[in-house]
Amino acid sequence: FYDLCAVYPPGCTIALKLNGCATYIDNETLQIGLPSESYSTYEIDYFYTSAVADRYIIRDSDVQTISGTQINASQLSASLCGRLVTLSSLQHTPLDAEDTATAAGYHRYSDGEGKYLYLNISEYADFADIKLPKQILSITGILSYSSVGYNVGKQFIITPRRADDITSN
């Protein structure tokens, strides 16, 4: 069961029944799913079908507009991982190895005061082929903390939900 956002749209209030579920924290983000099989290399398994997901996820019919918590780069912390955040006044500061042909992949941004974070856009996102604006940006997305490659170790990463989460200031 891959596309939860189609069944549970952003702003939909949900409750989770955790009895029978497994939890795991990866890259400072709580993950919830089914217990994995003994032979699996994963800590948790997915809810494979909507019928299985419906046993554990209860949703309200009320849908509210949601927006990211406005923070600046100096406020980045592990306690914000897994949350929708908005960071403003970010300038693209590419690494030499960074591919800037399309939006897909990791892109380094700076707040102008020496704090960095990485924008991550999946190659499967429907906006992965856009060209990122060169001007100063505001970015809304889910915050995580993980390795991004480029021999820079673990970094804060913001993953936008859609193209309009990336706006020019």
Next on the checklist: Would Leu16 and Ile32 count as a side chain to side chain contact (heavy atoms under 4.5 Å, CB included) here? Give the steps.
Outcome noted: CA-CA 9 Å; Leu16 297 171; Ile32 299 171; 3.4 Å; yes
Checklist entry - How long is the gap from CG on Asp165 to CD1 on Ile139, to the nearest 0.5 Å? => result 9.5 Å
Item to check | Set of residues satisfying side chain to side chain contact (heavy atoms under 4.5 Å, CB included) with respect to Ser146, sequence neighbours excluded | outcome: Asn27, Ile157
Checklist entry - Hey, does Thr23 have a side-chain heavy atom less than 4.5 Å from the side chain of Leu30? => result yes
Checklist outcome for this item: Residues pairing under salt bridge (charged side-chain N to carboxylate O under 4.0 Å, His left out) where one sits in residues 55-80, two or more places apart or in two chains, turn out to be none
Checklist entry - Which residues pass the side-chain hydrogen bond (donor to acceptor under 3.5 Å, both in side chains) test with Ser74, sequence neighbours left out? => result Asn72
Checklist entry - Do Tyr145 and Leu80 belong together in a cluster built from hydrophobic side chains that touch within less than 4.5 Å? => result yes
Item to check | Any residue meeting side chain to side chain contact (heavy atoms under 4.5 Å, CB included) with Glu43, in chain and number order, not counting sequence neighbours | outcome: Tyr24
Item to check | Test item: Leu132 and Ile166 side chains (from C-beta on) under 4.5 Å apart, heavy atoms | outcome: yes
Checklist entry - Transitive ILVMFWY cluster of Ile136 at side-chain heavy atoms under 4.5 Å: who else is in it? => result none
Item to check | Beyond-backbone contact of Val85 with Ile158, side-chain heavy atoms, under 4.5 angstrom | outcome: yes
Next on the checklist: How close do Pro35 and Gly20 get, counting heavy atoms only, and between which atoms?
Outcome noted: CD-O, 3.2 Å
Item to check | OH-CD distance between Tyr46 and Gln31, expressed to the nearest 0.5 angstrom | outcome: 7.5 Å
Checklist entry - For Ile66, which residues count as a side chain to side chain contact (heavy atoms under 4.5 Å, CB included) partner, sequence neighbours excluded? => result Pro10, Leu84, Arg161
Item to check | Test salt bridge (Lys or Arg N to Asp or Glu O under 4.0 Å) applied to Arg83 - qualifying residues, sequence neighbours left out | outcome: none
Checklist entry - What about Phe47 and Tyr56, are their ring centers closer than 6.0 Å? => result yes
Checklist outcome for this item: ring-ring contact (aromatic ring centres under 6.0 Å, His included) pairs touching residues 57-77, sequence neighbours excluded, are none
Checklist entry - Closest heavy-atom contact between Leu119 and Pro160? => result CD1-CD, 3.5 Å
Item to check | Co-membership, hydrophobic cluster, residues Ile58 and Val52, 4.5 Å side-chain | outcome: no
Next on the checklist: What I'd like to find out is whether the side chain of Ile14 reaches to under 4.5 Å of the side chain of Ile57, using heavy atoms alone.
Outcome noted: yes
Item to check | Any side-chain heavy-atom pair of Leu34 and Ile44 under 4.5 Å | outcome: no
Checklist entry - Does Asp26 have any side-chain hydrogen bond (donor to acceptor under 3.5 Å, both in side chains) partners at least two apart in sequence or in another chain, and if so, which? => result none
Checklist entry - Any idea which heavy atoms bring Gln75 and Gln70 closest together, and the distance? => result OE1-O, 4.5 Å
Checklist entry - Which atom pair, heavy atoms only, marks the closest approach of Phe156 to Cys81? => result CE2-SG, 4.1 Å
Item to check | Contacts of Ser61 that satisfy side-chain hydrogen bond (donor to acceptor under 3.5 Å, both in side chains) - sequence neighbours left out | outcome: none
Checklist entry - Is the backbone of Tyr118 close enough, under 3.5 Å, to the side chain of Arg108 for a donor and an acceptor to pair up by distance? => result no
Next on the checklist: Distance check, rounded to the nearest 0.5 Å: Gln155 atom CD versus Ser144 atom OG?
Outcome noted: 11.0 Å
Item to check | Residues in side chain to side chain contact (heavy atoms under 4.5 Å, CB included) contact with Ser147, at least two apart in sequence or another chain | outcome: none
Checklist entry - Do Ile142 and Leu76 belong together in a cluster built from hydrophobic side chains that touch within less than 4.5 Å? => result no
Next on the checklist: What's the separation between atom CG in Leu117 and atom CG in Leu87, rounded to the nearest 0.5 Å?
Outcome noted: 6.0 Å
Checklist entry - Got a sec, which residues hit salt bridge (Lys or Arg N to Asp or Glu O under 4.0 Å) with Asp164, two or more places apart in sequence or on another chain? => result Arg162
Item to check | Atom of Pro133, atom of Ser168 and distance for their closest heavy-atom approach | outcome: CB-OG, 4.2 Å
Checklist entry - Considering all heavy atoms of both residues, which atom of Ser110 and which atom of Gly114 are nearest to each other, and what is their separation? => result OG-N, 4.3 Å
